[in-house]
Amino acid sequence: MAEAPVIAFFPEASFGAALNCVGIARALQARGARPVFICHPGFTGIFADYGFQEYHLPATGAPQPADYWQDFIRRHLPHFNLAPADQIETYVAPTWEAIVDTAIQAEAPLAALLTRLRPDAVVLDNVVMFPAIARAGCPWVRVVSCAETEVPDDAVPPYCSGLASADAEGHAAFRARYLGAVGPVQDRYNRFRAGAGLPALAPGAFLEPSPHLNLLLAPSILRHRRARPLDRDRFVFLEGAVRREGPYDLPDFPKGEGPLVYVSFGSLGAMDIALMDRMIAAFARVPARFLVNVGAFRDAYRAVPDNVHLEGWFPQPSVVAMADLFIHHGGNNSFCEALYHGVPSLILPYCWDGHDNAVRAVETGTGYRLDRASWTGAGLTETILAALADSAMRDRLAANAARMQAESGVDLAAECILRVAGRREKAAG
Amino acid sequence: MTGPAGQTPRTRPRASHLDLAQRILELVREKGMQAGAHLPEQVLASACKVSRTPVRAALDLLVEQGLAVHEASSGYRLAPGFAPGSALTGPLPDAAEAELARRILRDRAARRLDETVTVAELIRRYGAPRSVVGKAVSRLAEDGLLTRAPGQSWVFAPLPDAPESQADSFEFRLLLEPEALGAPGFRLDPDRAAALRRAMVAFLAEPDDRLDPRGFQALDTEFHGLIARGAANRFVADALGQHLRLRELPGATARANVVRLRQAMQEHLGILDQMEAGRLDVAADLLRVHLRLSRSQRPQAANRGAPPLFGLTFRGGGDG
């Protein structure tokens, strides 16, 4: 009997990418493959919890100080209130610096690990290329789990810009400012690539398309019309990659049996306790029930209203499936889950492609958007009630959800990955 | 016939539970269900558009009325003597202080109540008579969950619902549970073990979308309770029993995904295999592994370009 193909997943250290990959990996497992996960230092335990083998890249450099995250939040919270263009220098470029550091540090241990693992394919769900993957001697698959804007095109708004599709003038100005700000770090990254034998990338780019397979997690309802359509042999659009979780047992609310609203701004958003506190106070005046993801910070809250329930972790897809509205930060994973279950989104973006998804939600009639810096309690209440009452949006989302569920993104991804992995076997055989 | 957790009958139920029990009876009649038919909590919760907690309370009411039965292994069923004309009758159980104590704990866990409360506040909040609130407070005090503070106030004990206290809980159990199991004199209750095995096998037979996390928690408590009760050293047995009760409080156990729930249940069965075969040293070793695997290692936060944050080494609610 032939050995099960080994598919090595290497998601970036963020929950969105990690959980997308879990969904695809489970579909691969169901087809007899052996998915394993390569983990960034510290980003461990998530995949093992889903029954997958983890391989940990060693931490290098000085250990992070204990107050790293308090410092991170203190430093960047003000930036999250800025317009996307003003985040380029304050948040986006420094983040690229950190990402490039990560790629450089991971290179040697990643190459050694891939040599030992000898996978049949590597699945990279990240925003930066690791040269060791190109040299692993097997096909590699790029998963674009951010918004579609991550793959540039003249007719698509620039990545992280939060600009409307029609704002061509805005696109040009944003691109120019972006390229100016990330130029130095991109030069540094290209020098690293050259040292590893990879060609330089175009200005602003940190990750090339895979020559084998690229999977885009952009449901058709959100897709942009491109000036240069992507090669359909190498680029496959998925209707999201939503995993299944076990059932969620609704808590007993002391007050209210109204519509159910799920609120999660991701693990980083949960750290913005002041914003969450204001929002919870506003929820008290809305005739609905709210499930709120507060991460590890439940103890930071008091006098929580009777129609609000806080938890540190939710089986998110199951909760979204029960919800009448999902309030989130525009993370692509969250947005896709809302679409997959036909639930309207209310997006308050704070960084990166959250801005792009927020604008796209409004453009496509799949959700509402509020400004993180300037929302008011009255405006929030009004928007929640409008979203809950928007039957046209609900009908549109229901029809779209039926399509997404009929065309399972995780199953299509698994089939495509196995085809690519099979090419290696044929070549070797 | 008893309630699912051997609950004492109440003499007056919450009106909402009564209503819900009536609605469930109507559904049963509409569907033409017969004596002995399964009463699935999730299906009833969906049909009545409520969560499972009130459904369970309403089903308990039907059990107390003799219209349904509950078994740990199979859940709720219509009683063998159930007839389509059966209705709620007789003296209805009391909305005792136990129910109020449960609501107080729920609201403290949800941070709706502050760490310090007064009886007057509780009377206002729950609209309950002073005598009932007083008894509920006394009950919580007896369990060590409330202590009297100066003046008229009461202070809640820290609930074990933070990542740090959950980590401490695992450390505590790792120290004591395998020792309790492996030490000379451990006594396995064979009848409980056999019933538990049946219930765990039935749990694993459910499809993913019906794998009830609360059902898991009940079986988990029963499994580790079997070990606590079997300990030869009574102080160890008491300490483990008390800790298990603490873990039943709202929010005390970290939620896990369905894959981990299945794995953990398989691990329980593997340990039980060794216990029933009398290989208690092997069972103790497997129990250590089970507890280590059950301890969450997930980072609490992660972000593009930033190092992940370990929940277990981070002290939340810091100086901000």
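Given the structure is predicted, the values throughout are model-derived calculations rather than measurements. The chains referred to below are lettered A, B, ... by the order of the sequence lines, with proteins before strands, and numbering in each begins at 1. Basis for what follows: all heavy atoms, side chains included, without hydrogens, waters or symmetry-related copies.
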Novice: A/Phe52 versus chain B, heavy atoms under 4.5 Å apart: side chain, backbone, both or neither?
Specialist: neither
Novice: Taking the side chain as everything from C-beta on, heavy atoms only, tell me whether B/Gln263 gets closer than 4.5 Å to A/Asp49.
Specialist: no
Novice: Who among A/Met322, A/Arg298, A/His309 has the most heavy-atom pairs with chain B under 4.5 Å?
Specialist: A/Arg298
Novice: Heavy-atom count around B/Arg210 CZ within 6.0 Å, excluding the residue itself: above 12?
Specialist: no
Novice: I need the minimum non-hydrogen distance between B/Asp209 and A/Pro247, along with the two atoms involved.
Specialist: O-CG, 3.7 Å
Novice: With the side chain counted from C-beta on, respond yes when B/Val258 and A/Arg244 share a heavy-atom pair under 4.5 Å apart, and no when they do not.
Specialist: no
Novice: Find the distance between CG (A/Asp249) and CZ (B/Arg56) and round it off to the nearest 0.5 Å.
Specialist: 6.0 Å
Novice: Side chain, backbone, both or neither: which part of A/Trp96 has a heavy atom under 4.5 Å from chain B?
Specialist: neither
Novice: What part of B/Asp114 is in contact with chain A, defined as an atom under 4.5 angstrom from a non-hydrogen atom: side chain, backbone, both or neither?
Specialist: side chain
Novice: To the nearest 0.5 Å, tell me how far A/Phe253 CZ sits from B/Asp107 CG.
Specialist: 11.5 Å
Novice: Tell me, side chain or backbone of A/Glu311 under 4.5 Å from chain B's heavy atoms, or both, or neither?
Specialist: side chain
Novice: Using the rule salt bridge (Lys or Arg N to Asp or Glu O under 4.0 Å), only one of B/Arg106, B/Arg103, B/Arg214 pairs with A/Asp252; which is it?
Specialist: B/Arg106
Novice: Heavy-atom cut-off 4.5 Å, strictly under: side chain, backbone, both or neither for B/Arg262 against chain A?
Specialist: neither
Novice: Looking at chain B, which one of A/Gly266, A/Ser318, A/Pro305, A/Ser14 has the largest number of heavy-atom pairs inside 4.5 Å, strictly under?
Specialist: A/Pro305
Novice: Report the distance from atom CG of B/Leu261 to atom CD of A/Glu245, rounding to the nearest 0.5 Å.
Specialist: 9.5 Å
Novice: Which region of A/Cys39, side chain (C-beta onward) or backbone (N, CA, C, O), has a non-hydrogen atom less than 4.5 Å from a non-hydrogen atom of chain B, or is it both or neither?
Specialist: neither
Novice: Considering only heavy atoms, which portion of A/Pro94 lies under 4.5 Å from any heavy atom of chain B: side chain, backbone, both, or neither?
Specialist: neither
Novice: For the side chain of B/Arg112 and the backbone of A/Val308, is there at least one donor-acceptor N/O pair under 3.5 Å apart?
Specialist: yes
